[in-house]
2 protein chains.
Amino acid sequence: MHTVDDLSKVLKVLADPTRLTMLKQMQGGEQCACSFVDCFDISQPAISRHLKMMRQAGLLLERRDKQWIHYRLNETSPFYTIVVDLLDNIETVDASCDCETDCAI
Amino acid sequence: MHTVDDLSKVLKVLADPTRLTMLKQMQGGEQCACSFVDCFDISQPAISRHLKMMRQAGLLLERRDKQWIHYRLNETSPFYTIVVDLLDNIETVDASCDCETDCAI
DNA sequence: AGGTTATATAACGGATTTGTTATACAGAGA
DNA sequence: TCTCTGTATAACAAATCCGTTATATAACCT
């Protein structure tokens, strides 16, 4: 159970098509930051800031491997089930964004 | 099933503490606009615009009775279940906002 | 008709969002 | 060490959000 303020803050983070798409992709498993950069038509700093926002909201966990950083859904977030339930309402995202680096994903 | 764009637009409407609280109150039944005016510490025009935003998103239906307008959740909205599921995650809102008019609610 | 009440709209201001470009930092490898 | 790649931060601009006050509209009631 959450407060109105807490929930609205999380919803603000979720209320963006780029971030929703990122989350949907992470629902399919860990994603390298570089794959988002390849996937979306926005700059790398913009991607980085979207990720930071979701991380700060506690929705993501990161794992560094060499120079690559892999992000995944934080299953221990108090909002995890809410996020997943929302993502389940989204039609499958076109995953035509193959990462072009050696990030091992 | 929804598109990322459609869902993010609705989430943007939901991602506000005032609107979330209004929706939570409407979950308990139809609410007169005047009760929101009495309940929140913001101006009547601000209330009116919050209601318009939710109406335009298809989340609300209205019923006019004399000079009062009563709002309720639109159960036929494609996002109705999503909204209700989210509201169910909110701790009960303090309903200390009795309407001081004769709006018959 | 004229006044009162409930609601909506218009115009504006400050804060926030979301993108950009430029730059800094971190790790890998010759 | 120098360079390259991946990621983060800083500074800025355009757009949007959310409040305000002033005003318009709609319905009710003498």
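Here the structure is a predicted model, which means the values were calculated and not measured. So that the names make sense, note that chain A is the first sequence line, chain B the second, and so on, each numbered from 1.
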Check whether any side-chain heavy atom of A:L20 lies under 4.5 Å from a side-chain heavy atom of A:L87, and answer yes or no. yes
Would you indicate, yes or no, if C:dA6 has its OP1 or OP2 atom less than 4.0 angstrom from a side-chain nitrogen or oxygen of B:R64? no
Can you measure B:F36 atom CZ to D:dG19 atom C1' for me and round it to whole angstrom units? 18 Å
Assess, by modelled atom type and distance only, whether the side chains of A:N74 and A:T76 contain a donor and an acceptor separated by less than 3.5 Å. yes
Please determine whether any donor N or O and acceptor N or O are separated by less than 3.5 Å between the side chain of B:Q44 and the base of C:dA6. no
Can you tell me which nucleotide in D:dG6, D:dT20, C:dT17 comes closest to the side chain of A:C34? D:dG6
Nearest-Å distance for atom pair CG/P, residues B:D41 and D:dT20: 9 Å
Atom-to-atom span, NZ of B:K66 to P of C:dT5 - whole angstrom: 16 Å
Whole angstroms only, please: what is the CG-P distance between B:L11 and C:dT17? 15 Å
Is there a side-chain contact between B:K12 and the phosphate of D:dC17, meaning an N or O under 4.0 Å from OP1 or OP2? no
Should B:D6 and B:F79 count as side-chain neighbours, where that means a heavy-atom distance under 4.5 Å? yes
Write down the distance between CZ (A:F40) and P (C:dT20), rounded to a whole number of angstrom. 13 Å
Kindly indicate whether the side chain of A:R49 and the base of C:dG19 share any N or O donor-acceptor pair separated by less than 3.5 Å? yes
Value in whole Å for how far the P atom of C:dT17 lies from CE of A:M53: 7 Å
Whole-Å distance separating the CD atom of A:Q67 from the C1' atom of D:dA8: 15 Å
Can you see if the side chain of B:S48 gets near the phosphate of C:dT7 - specifically, an N or O under 4.0 Å from OP1 or OP2? no
Rounding to an integer number of Å, can you tell me how far A:H50 NE2 sits from D:dT7 C1'? 15 Å
For the hydrophobic clusters of this structure (ILVMFWY residues joined by side-chain heavy atoms under 4.5 Å, transitively), does one cluster hold both A:L61 and A:V10? no
Checking all strands, does B:A33 fall into the base, sugar-phosphate, or nothing category for heavy-atom contacts under 4.0 angstrom? sugar-phosphate
Main chain of A:K66, side chain of A:R64: is a donor-acceptor contact present, judged purely on distance under 3.5 Å? yes
